[in-house]
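Following: one structure in structure tokens, then a few remarks.
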Amino acid sequence: MRRPYVPTLALAAATAVISLTTPALAASDSVVIGSRPARISDSPWTVALSSRDRFGGTRSGQFCGGVVIGRTTVLTAAHCLGDDVLGRPPHQTDDLKVIAGREDLMADDGKEIPVSDIWVNPHYDSDTNAGDFGVLTLAEPLPASSVIRMAASGDPAYASGTAAVVYGWGDLTGGGDYSGSLRAADVHVLPDASCERAYPGNDSGTYDAASMVCAGEQAGGHDACQGDSGGPLVAQGRLIGLVSWGSGCGRAGSPGVYTRVSEAVQALNAGR
């Protein structure tokens, strides 16, 4: 079974290939290997996708992450918006919201903004995981200071060896221990060959260097996990990836795979 990452930032190892679109409802504040607490004030473009009808109210209904790329525009993973995750077609999910400015999901600060429109990349391939991105339009604007710049094709931030940070509220252990507060994991962009070896085209997915980014640590330990899907991978102050899929969480030899944001930039510039 492949693992697109739906319901946290797990920086620990898991023993199975996990679908990141299958959220656990229980939360935990256990320590994650390699992760650290993150301040929403330092990453205001990091948002949570919420549906209390589907995922309950304990953690504000959070099930995926997203990134603010325009005052009313949020980029997320396409697989977060599938019927199998939401339980119905996305346009029929009446309570779908984006939570901005909330570090602790158990708190009530920040804003919960209804989603007024949903666009899912029509070229998304759920078998290979290619093209894993979608766009949410917000019913009201966020401050300009919440918007992060996206890295276009050829940006040096995509270079192998570049230090990067991934953000999320996901699974801390790979065992369904979901974080109540925002976490961050320090990773590196890895050579495409690392993911091509790990994912040559099996049940997990197929790594495609043109549309994906390989990131993590060669020895494992730092990774995203269930609940982090659609969240940001940031390098040199620019958005380079969206949490997408992988095998297990934090395993040596099984890096995290991220949607390459330059692909989304091209689609958005072309009018989708």
Side-chain angles (χ1 to χ4, degrees), residues 4-10 19-30 32 35-69 72-77 79-82 84-88 90 92-118 134-143 146 148 166-173 175-185 224-232 242-243:
Y5 297 108
V6 175
T8 290
L9 238 236
S19 170
L20 297 185
T21 54
T22 306
L25 300 183
S28 171
D29 290 325
S30 58
V32 185
S35 75
R36 53 183 168 80
R39 302 298 301 270
I40 199 70
S41 57
D42 296 330
S43 53
W45 20 260
T46 304
V47 297
L49 273 56
S50 165
S51 171
R52 285 181 171 81
D53 286 350
R54 177 70 167 162
F55 300 105
T58 303
R59 298 171 60 256
S60 300
Q62 187 269 346
F63 65 96
C64 269
V67 196
V68 182
I69 60 168
T72 59
T73 308
V74 168
L75 193 61
T76 189
H79 75 259
C80 288
L81 305 174
D84 55 339
V85 176
L86 295 174
R88 66 190 72 178
Q92 296 178 20
T93 306
D94 296 334
D95 73 329
L96 183 61
K97 295 180 180 178
V98 165
I99 303 177
R102 182 172 301 170
E103 188 173 305
D104 182 351
L105 293 174
M106 269 67 104
D108 58 3
D109 54 346
K111 284 187 171 185
E112 297 191 11
I113 304 176
V115 172
S116 61
D117 190 46
I118 299 169
V135 175
L136 305 177
T137 301
L138 304 182
E140 62 181 80
L142 289 166
S146 296
I148 189 170
V166 56
Y167 298 85
W169 288 271
D171 189 350
L172 299 173
T173 66
D177 298 319
Y178 286 80
S179 176
S181 295
L182 183 63
R183 308 284 296 186
C225 199
Q226 302 97 305
D228 291 324
S229 284
L242 303 174
V243 178

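The two residues V98 and L49 make their nearest non-hydrogen contact at CG2-CD1, 4.5 Å. Between A184 and A38, the shortest heavy-atom contact is CB-CB, 3.8 Å. When every heavy atom of T76 is checked against every heavy atom of L242, the shortest pair comes out as O-CD1, 3.5 Å. Closest non-hydrogen pair, T93 versus R88, comes out as OG1-CG, 3.4 Å. Of all non-hydrogen atoms in P90 and I118, the two that sit nearest each other are O-CD1, 3.5 Å. Closest of all the heavy-atom pairs between S179 and L105 is O-CD1, 4.2 Å.
Atom CG of residue L138 and atom OG1 of residue T73 lie 7.0 Å apart, to the nearest 0.5 angstrom.
Within 6.0 Å of the CG atom in D108, the count of heavy atoms belonging to other residues, nucleotides or ligands does not exceed 12.
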Using side-chain contact (heavy atoms from CB on, under 4.5 Å), reason through L75 and V135 one step at a time and then give a plain yes or no. CA-CA 5 Å; L75 193 61; V135 175; 4.0 Å; yes

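Remark: Q92 pairs with no residue by the side chain to side chain donor-acceptor pair (under 3.5 Å) rule, at least two apart or across chains. Residues passing the side-chain contact (heavy atoms from CB on, under 4.5 Å) test with R52 are S50, S60, D95, R102, E112, sequence neighbours excluded. For P141, the side-chain contact (heavy atoms from CB on, under 4.5 Å) partners are R71, T72, not counting sequence neighbours. Applying the side-chain contact (heavy atoms from CB on, under 4.5 Å) test to P37 and every residue at least two apart in sequence or in another chain returns R183. Looking at residues two or more places apart in sequence or on another chain, you find a side-chain contact (heavy atoms from CB on, under 4.5 Å) between T46 and I40, S43, Y167, W169, L182, P232.
Proximity of a side-chain donor or acceptor of S51 to a complementary backbone N or O of G61 within less than 3.5 Å is not detected. No side-chain donor-acceptor contact under 3.5 Å links R39 to the backbone of E103.
Between D94 and D53 the shortest side-chain heavy-atom distance does not fall below 4.5 Å. The closest side-chain heavy-atom distance from L136 to L81 is below 4.5 Å. Put simply, the side chain of F63 reaches to within 4.5 Å of the side chain of L96, judged on heavy atoms.
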